[in-house]
Amino acid sequence: MTAEERVTADERMAAARTSGPPPLGERPAIAPAGRLGALVVSSGQTAVGADGRLIAAGRVGAEIDLPEARRCAWQCTLNVLDAVRADAGGLARIASTVRLTVYVASAPEFTDQHLVADAATECLLRVLGPERGRHARAAIGVAALPTGSPVEVEAVFELA
């Protein structure tokens with residue numbers, strides 16, 4: 001056992017109270033998905049395409065129109081499914097979609113977040129089918145999202 005492994009979480013917590021966060025630099029490792037029993041929870045996924053770059057950037061209702069925002073929500077949902085597929089070992093393991101949360105970076109006057117979220121819902125229904133893709137949902141307008149993405153999607157799935 002290494003010295004690091006011998007230090008308890010309580011001891012690390014006490015040290016964290018006095019040290020503060022590390023300087024900006026390399027970001028911490030974040031799991032694309034995590035499990036709790038039969039549930040898989042995706043991390044929030046932004047509108048990053050296959051090339052690793054955002055497919056659009058800006059706020060919906062300002063720089064981004066509704067059709068582009070819906071395209072972003074679709075891409076975010078594909079990214080969620082990719083993360084869950086990698087964690088679960090395949091999409092066939094998904095028994096049901098429990099909850100979908102869609103965050104929309106919105107201009108102050110934009111109030112159609114639900115129409116953006118509909119694209120994410122439609123993607124899940126198309127990929128997983130009506131039985132496994134139907135879910136509870138929230139569509140939330142926010143001031144900004146990481147890296148300027150217009151949309152971020154996260155979901156909770158139950159595995160078979």
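In this chain, residues are counted from 1 in sequence order. Model, not experiment: these values are computed from the prediction.
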Say you draw a straight line from OG1 of Thr121 to CZ of Arg126; how long is it, rounded to the nearest 0.5 Å?
13.0 Å
Of all heavy-atom pairs between Ala119 and Ala73, which one has the smallest distance, and what is that distance?
CB-CB, 4.1 Å
Linking Ile, Leu, Val, Met, Phe, Trp and Tyr by side-chain heavy atoms under 4.5 Å, what else ends up with Val48?
Leu54
Please report the shortest heavy-atom distance between Gly58 and Ala105, naming the atom on each side.
O-CB, 4.1 Å
Which salt bridge (charged side-chain N to carboxylate O under 4.0 Å, His left out) pairs, counting each pair once, include a residue from residues 88-109, with sequence neighbours left out?
none
Considering all heavy atoms of both residues, which atom of Ile30 and which atom of Arg27 are nearest to each other, and what is their separation?
CD1-NH2, 4.0 Å
Would the distance check show the side chain of Ser149 and the main-chain N or O of Leu145 forming a donor-acceptor pair, the cut-off being under 3.5 Å?
no
Which residues share a side chain to side chain donor-acceptor pair (under 3.5 Å) with Asp112, sequence neighbours left out
none
With sequence neighbours excluded, give me every salt bridge (charged side-chain N to carboxylate O under 4.0 Å, His left out) pair touching residues 130-149.
Asp118-Arg137
All side chain to side chain donor-acceptor pair (under 3.5 Å) counterparts of Ser106, not counting sequence neighbours
Gln113
With Leu24 via side chain to side chain contact (heavy atoms under 4.5 Å, CB included) - residues at least two apart:
none
Which atom pair, heavy atoms only, marks the closest approach of Cys72 to Ala56?
SG-CB, 3.7 Å
My understanding is that a hydrophobic cluster links ILVMFWY residues whose side chain heavy atoms are under 4.5 Å apart, including indirect links. Using that, what else belongs to the cluster containing Leu159?
Val40, Val60, Ile64, Leu66, Val80, Leu81, Val84, Leu91, Ile94, Leu100, Val102, Val104, Phe110, Leu115, Val116, Leu124, Val127, Leu128, Val151, Val153, Phe157
In this structure, CZ of Arg70 is separated from SG of Cys123 (nearest 0.5 Å) by 11.0 Å
Heavy-atom closest contact (Ala160 atom, Ala95 atom, distance)
N-CB, 3.8 Å
Sequence neighbours left out, what passes side chain to side chain donor-acceptor pair (under 3.5 Å) with Gln45? Give chain and number order.
none
Salt bridge (Lys or Arg N to Asp or Glu O under 4.0 Å) involving Asp65 - partner list, sequence neighbours excluded
none
What pairs of residues pass the salt bridge (charged side-chain N to carboxylate O under 4.0 Å, His left out) test when at least one of them lies in residues 43-60, not counting sequence neighbours?
none
Once salt bridge (charged side-chain N to carboxylate O under 4.0 Å, His left out) is applied, what residue pairs with a partner in residues 149-160 remain, sequence neighbours excluded?
none
Spatial distance of atom CE (Met13) from atom CG (Asp10) [nearest 0.5 Å]:
8.5 Å
Hydrophobic clusters join Ile, Leu, Val, Met, Phe, Trp and Tyr when side-chain heavy atoms are under 4.5 Å apart, directly or via other members; which others share one with Leu36?
none
